[in-house]
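Data first, discussion second: the structure below is written as structure tokens.
Order of the sequence lines fixes the chain letters, A, B, ..., with proteins taken first and strands second; residue numbering starts at 1 for each chain. What you are looking at is a predicted structure, and each value in this text was computed from that prediction instead of being measured.
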Protein chains: 2
Amino acid sequence: MKKPKLADVAKLAEVSPTTVSRVLNDRGYIGEKTRKKVYAAMEELNYYPNEIARSLFINKTFIVGVIFPTTSNPFYGQLIYHLENVCESLGYKVLLCNSGGREDKERAYLEMLQRHQVDGIIAGAHNRGIDLYKKSRMPIVSFDRILADHIPVVSSDNYRGGELATQHLIDRGCKKIIHINGPRELETPANLRRDAYEDTMKKNNLPYRTYEISDTYLEDLFNENLDLEAVFASDDMIASKVINEAKNRGIRVPEDLKVIGYDGAEAVRMLLPDLSTIQQPIEEIARVSVEILMEQINQSDNFEVKNVTLPVELIKGKTT
Amino acid sequence: MKKPKLADVAKLAEVSPTTVSRVLNDRGYIGEKTRKKVYAAMEELNYYPNEIARSLFINKTFIVGVIFPTTSNPFYGQLIYHLENVCESLGYKVLLCNSGGREDKERAYLEMLQRHQVDGIIAGAHNRGIDLYKKSRMPIVSFDRILADHIPVVSSDNYRGGELATQHLIDRGCKKIIHINGPRELETPANLRRDAYEDTMKKNNLPYRTYEISDTYLEDLFNENLDLEAVFASDDMIASKVINEAKNRGIRVPEDLKVIGYDGAEAVRMLLPDLSTIQQPIEEIARVSVEILMEQINQSDNFEVKNVTLPVELIKGKTT
DNA sequence: TTGTATGCGTTATCAG
DNA sequence: CTGATAACGCATACAA
């Protein structure tokens with residue numbers, strides 16, 4: 001019992017395959033009774049059109065490839081949720097790629113997506129040195145990372161976010177403020193958070209210091225800064241770790257130590273409603289990313305590369 | 001400048017398309033120098049085989065459809081992460097579907113996946129009354145929900161989990177223990193958590209009461225149970241809400257109120273390391289689900305439906 | 001060891 | 001209003 005195809009429907013309905021195709025796509029004029037017959041036959045056979053064959057012919061798959069580190073992280077999980085939602089509303093499907101932060105996997109995915117003829121790619125896996133992006137002529141939108149000259153970047157205002165967070169801590173009366181960030185990479189807009197922190201501290205004549213993630217950064221942070229007053233973590237997961245470590249050391253938050261994070265994913269807001277953070281406009285990022293991707297897909301010729309920066313918001317919780 | 005196809009490579013390499021195909025798939029005998037020529041041509045043209053055309057011919061896409069409520073939820077996000085990982089390791093890609101808990105969307109996705117000729121489906125979106133599953137002859141594995149007689153179900157041991165959680169609270173000396181759960185639905189193994197709670201309470205001659213999620217369940221819970229000693233929440237997000245509400249009311253956890261959740265997603269464990277919970281074997285669930293799906297895909301004839309129940313683990317945190 | 005012809009399931013073109 | 005035919009890009013059976 002194989003899958004019925006268009007020809008089977010045609011035979012049962014006693015018409016030609018062309019006619020069935022016409023009914024299916026509502027193209028050209030068709031007699032009312034033939035249409036009925038065709039629908040009946042489709043129903044009876046439980047027929048579904050084969051999108052693969054269709055894709056091959058029209059040279060378009062209506063699939064968007066989405067590459068991010070992991071759906072396991074609440075921020076990416078939510079971003080991907082919205083990306084998928086927006087795509088779906090436009091008739092596009094999403095092929096999911098978890099790079100797991102590995103450059104080789106990202107490269108492999110990228111090639112796989114090309115072979116699979118996806119109509120476009122949204123990439124937010126932050127690996128370095130993947131020149132495949134540069135060579136590719138495929139519609140691509142990048143989240144938070146410069147991939148190549150011709151690839152538009154969507155991000156939220158990381159510099160402003162860093163400024164808001166730092167200034168907020170200063171306004172709260174803190175002077176000894178430490179920043180935690182991932183390892184510095186070139187071309188990553190997320191590092192603007194660090195620049196903003198350092199600039200803002202300078203502007204206020206305060207000493208600044210950034211810890212980069214390592215096996216021991218947490219202990220180091222606390223051991224080396226007994227006079228610590230506040231921490232600006234570059235994401236909420238890190239902020240949470242700082243808070244928990246403080247708790248374990250008997251340091252009270254916010255009385256003895258103020259902590260602010262970054263991202264504001266829904267799940268984190270729910271689990272840690274007290275956490276102060278910089279809220280990224282996650283749904284908006286998704287909306288705009290897909291929008292720009294669609295522009296490329298629909299007019300791949302004279303398409304003008306424009307980067308978009310979305311506003312962030314300071315959430316004053318109870319940890320500051 | 002269109003995409004190069006196999007014939008273009010053949011022309012450049014001065015061989016026939018068949019030969020190129022052979023090189024590509026490493027089939028049959030090929031001369032060493034021809035192979036070299038072909039590879040060179042592929043390189044020069046930046047050629048990628050068209051998987052769509054290939055799929056159409058071999059009648060197989062190596063795509064698995066994955067339907068869940070939302071990647072935004074840490075538990076599903078992590079489960080999907082692992083599902084994608086396992087699939088990738090077997091050469092399969094994942095088409096992501098967020099049902100958002102809506103039955104109409106799930107139905108639409110299901111149809112879309114059929115049209116797209118996916119080789120199989122893993123479904124964990126818990127809607128009711130989708131008979132499409134019953135009619136479908138496609139390889140399907142369900143997570144935590146009975147969809148049809150012929151569809152295997154993978155779940156962790158929900159009854160045992162409910163037992164562990166309840167007994168743990170009793171062991172901690174609690175008598176007035178309330179359970180919170182989603183609305184009761186038929187055929188959902190997750191409701192076994194509730195059954196286990198009620199059975200365990202009965203067995204210990206303790207009064208039991210289950211609150212179902214509603215707009216006011218949290219307030220009701222606290223207002224109607226001034227002598228409340230413990231809460232067993234059917235997932236960690238709910239547990240977190242209970243803890244926060246308690247905090248707002250000046251009720252200390254765990255001194256005045258003990259709370260245990262369910263799921264134990266990585267992100268939640270990181271954000272709320274103190275939370276007692278029942279840990280589901282998320283990675284294992286993913287591994288087994290894909291495994292069973294592959295069995296169906298590879299021998300769709302005499303395939304024996306077997307459900308699998310995986311063990312859970314009690315995590316004793318500081319909230320109990 | 002390599003090439004030719006055919007078909008996978010669909011749609012567009014062009015005739016009727 | 002409807003039908004025959006070719007084509008999308010690839011892989012197989014069969015020849016050479």
Side-chain angles (χ1 to χ4, degrees), chain A residues 1-39 41-42 45-63 111-119 138, chain B residues 1-39 41-42 45-63 111-119 138:
Chain A
M1 192 175 115
K2 290 183 78 273
K3 279 182 207 151
K5 53 187 180 187
L6 193 135
D8 299 325
V9 177
K11 203 187 302 173
L12 184 63
E14 298 176 299
V15 295
S16 79
T18 312
T19 303
V20 178
S21 175
R22 281 207 184 88
V23 173
L24 221 51
N25 301 307
D26 224 13
R27 248 195 206 23
Y29 294 100
I30 355 174
E32 205 37 58
K33 63 177 184 183
T34 7
R35 167 186 254 105
K36 283 264 204 295
K37 269 197 304 186
V38 171
Y39 274 130
M42 282 173 27
L45 292 177
N46 199 238
Y47 167 77
Y48 289 103
N50 183 329
E51 280 293 326
I52 295 295
R54 185 160 199 279
S55 291
L56 179 59
F57 189 88
I58 66 179
N59 197 29
K60 183 159 170 54
T61 54
F62 288 97
I63 295 182
E111 191 186 316
M112 179 276 276
L113 292 174
Q114 315 243 77
R115 298 163 86 106
H116 239 281
Q117 313 295 115
V118 298
D119 292 340
M138 167 163 314
Chain B
M1 194 175 111
K2 290 185 79 270
K3 279 183 206 149
K5 53 188 181 187
L6 195 136
D8 298 326
V9 177
K11 202 186 304 172
L12 185 62
E14 297 175 302
V15 295
S16 81
T18 313
T19 303
V20 178
S21 174
R22 282 207 185 86
V23 173
L24 221 50
N25 301 310
D26 224 11
R27 238 185 207 39
Y29 295 100
I30 353 171
E32 204 37 57
K33 65 177 182 181
T34 8
R35 167 188 251 100
K36 283 265 202 292
K37 267 197 306 186
V38 170
Y39 274 130
M42 281 172 29
L45 291 177
N46 199 238
Y47 169 75
Y48 290 104
N50 184 330
E51 280 293 327
I52 295 295
R54 186 160 198 280
S55 293
L56 179 59
F57 188 88
I58 65 179
N59 199 28
K60 185 160 169 47
T61 54
F62 289 97
I63 295 182
E111 192 187 314
M112 181 274 278
L113 292 174
Q114 314 245 81
R115 299 162 85 107
H116 240 280
Q117 312 295 114
V118 298
D119 293 339
M138 165 163 315

**Message:** Donor-acceptor check, side chain of T19(A) to backbone of V15(A), threshold 3.5 angstrom: yes or no?
**Reply:** no
**Asked** Closest nucleotide of DNA chain D for Y29(A) versus for P49(B): which of these residues is on the 5' side?
**Response** Y29(A)
**Request:** Quick one: do D8(A) and K2(A) satisfy salt bridge (Lys or Arg N to Asp or Glu O under 4.0 Å)? Show the steps, please.
**Result:** CA-CA 11 Å; D8(A) 299 325; K2(A) 290 183 78 273; over 6 Å; no
**Prompt:** NA contact type, R22(A), heavy-atom cut-off 4.0 Å: base, sugar-phosphate, or nothing?
**Reply:** base
**Request:** Have a look at L56(A) and say if it touches a base, only the backbone sugar-phosphate, or nothing, with a 4.0 Å heavy-atom cut-off.
**Result:** base
**Message:** If you go through the side-chain atoms of T18(B), does one of them form a donor-acceptor pair with the base of dT4(C) closer than 3.5 Å?
**Reply:** yes
**Prompt:** Is there a donor and acceptor pair, one atom on the side chain of S21(A) and one on the base of dA12(C), closer than 3.5 Å?
**Reply:** no
**Request:** Give N59(B) one of three labels, base, sugar-phosphate or nothing, depending on what nucleic acid heavy atoms sit under 4.0 Å from its own.
**Result:** nothing
**Prompt:** Touch check for T34(A), heavy atoms < 4.0 angstrom, all strands: base, sugar-phosphate only, or nothing?
**Reply:** sugar-phosphate
**Prompt:** Where the side chain of N50(A) meets the backbone of I52(A), is there a donor-acceptor pair that is under 3.5 Å apart?
**Reply:** yes
**Prompt:** Judged by atom type as modelled, is there a donor-acceptor pair below 3.5 Å linking the side chain of T61(A) to the main-chain atoms of Q117(A)?
**Reply:** yes
**Asked** Is any side-chain N or O of N25(A) closer than 4.0 Å to OP1 or OP2 of dT11(C)?
**Response** yes
